[in-house]
Structures are given as structure tokens and as C-alpha cells.
Amino acid sequence: MDPDAVSKAFVEHYYSTFDTNRANLGTLYQDASMLTFEGQKFQGAQNIVAKLASLPFEQCKHNISTVDCQPSGPAGGMLVFVSGNLQLAGEQHALKFSQMFHLMPTPQGSFYVFNDIFRLNYA
């Protein structure tokens, strides 16, 4: 398993899904998963998807600038740090963001998001 290839595939899948149908992100989280979104904490797939679905915009496009990955712990997890721009429909200026995912392996050989931290970057 190549961590860089796995993280690249995950990032492409995550943001493609986010930009087209946020409700479908629920399969990437489990009951123990936690999201910190701009300082607010949400636990469990249902609560996380409810938060993401409640964001005050319907359409957006993530443009990824960087993806950094490191193996994490003896269980085979991975840390994935993403930076980029978020373009909201109808808005002239993009918003800069950073997001960190802690991916953990599943018994089936895939990964789920154990931790997710999202922040807009204000300059």
C-alpha cells in the first residue's frame, strides 16, 4: 500500500462527493468519527453529515493545492493534510481552507475518517 496513492485517491473521492452530494459522505465516517468544523465538534457519521448538509450554500468547488500524507500508528492509519481554495457558487472570491483527516483502516481493506478538522484560512 502506497500512502501517497491512497491519500490522493481519498482526497479526490472526498471533495468530488462533497461538491456534488454532501449527504453521500456518511459512508466515509463511523460512529466513533469526529469532525471539528471551525471550532465546533460533531461526533458520529449521522451528526457529521447533518452538519455538512446544513452549510449555508448548495454548490461549491474545491480546488486542491497540496496534499501531504504520513503513516500514523501501528494500526495502519494515515494523516492527510489538505490545503486549497473553496469557490462558492455566485461568489467572486475563493476562500482558502485547510483540512486534516486521520484515516483508519477497516477490516474490509478500505479506510474511514476517524478525525476530520476543517478551518478557513483568513489572511
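All figures in this text were calculated on a predicted structure; none of them were measured in a lab.
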Original post:
When clusters are formed by joining ILVMFWY residues with side-chain heavy atoms under 4.5 Å apart, either directly or through shared neighbours, do L28 and Y15 land in the same one?
Top reply: yes
Original post:
Applying the 4.5 Å side-chain criterion to the ILVMFWY set and letting contacts propagate, would V6 and Y29 be lumped into a single cluster?
Top reply: yes
Original post:
So, for D4 and S7, which heavy atoms are closest and what is the spacing to 0.1 Å?
Top reply: O-OG, 3.0 Å
Original post:
Do M100 and L95 belong together in a cluster built from hydrophobic side chains that touch within less than 4.5 Å?
Top reply: no
**OP:** Please report the shortest heavy-atom distance between L55 and F18, naming the atom on each side.
**Re:** CD1-CZ, 3.9 Å
Subject >> Rounded distance (nearest 0.5 Å) linking atom CG of N24 with atom OH of Y14 >> reply: 12.5 Å
Please list every donor-acceptor pair under 3.5 Å in which a side-chain atom of residues 64-93 meets a protein atom from a residue at least two apart or in another chain.
from, atom 1, to, atom 2, distance (Å)
T66, OG1, S83, OG, 2.5
S72, OG, H102, NE2, 3.2
Q87, NE2, E91, O, 2.5

**OP:** List in chain and number order the residues that pass side-chain hydrogen bond (donor to acceptor under 3.5 Å, both in side chains) with S98, two or more places apart in sequence or in another chain; answer none if no residue qualifies.
**Re:** N121
**OP:** Enter the distance from F10:CZ to S110:OG here, rounded to the nearest 0.5 Å.
**Re:** 11.0 Å
**OP:** Mind jotting down which residue pairs meet the side-chain hydrogen bond (donor to acceptor under 3.5 Å, both in side chains) criterion with at least one end in residues 52-62? Sequence neighbours excluded, please.
**Re:** D19-H62
Original post:
Is it true that atom CG of D2 has more than 12 heavy atoms of other residues, nucleotides or ligands lying nearer than 6.0 Å?
Top reply: yes
Original post:
Same hydrophobic cluster for F118 and V113, using side-chain heavy-atom links shorter than 4.5 Å among ILVMFWY?
Top reply: yes
With a 3.5 Å cut-off and sequence neighbours excluded, list the donor-acceptor pairs that the side chains of residues 34-41 form with protein atoms.
from, atom 1, to, atom 2, distance (Å)
E38, OE2, L120, N, 2.4
Q40, OE1, K51, NZ, 3.3

Subject >> Euclidean distance, Q30 CD relative to T106 OG1, rounded to 0.5 Å >> reply: 7.5 Å
Original post:
For Y112, which fellow cluster members are found when Ile, Leu, Val, Met, Phe, Trp and Tyr are connected by side-chain heavy-atom distances below 4.5 angstrom, either directly or through intermediates?
Top reply: M104, F114
**OP:** For K8, enumerate each residue passing the salt bridge (Lys or Arg N to Asp or Glu O under 4.0 Å) test, keeping only those at least two apart in sequence or located in another chain.
**Re:** E12
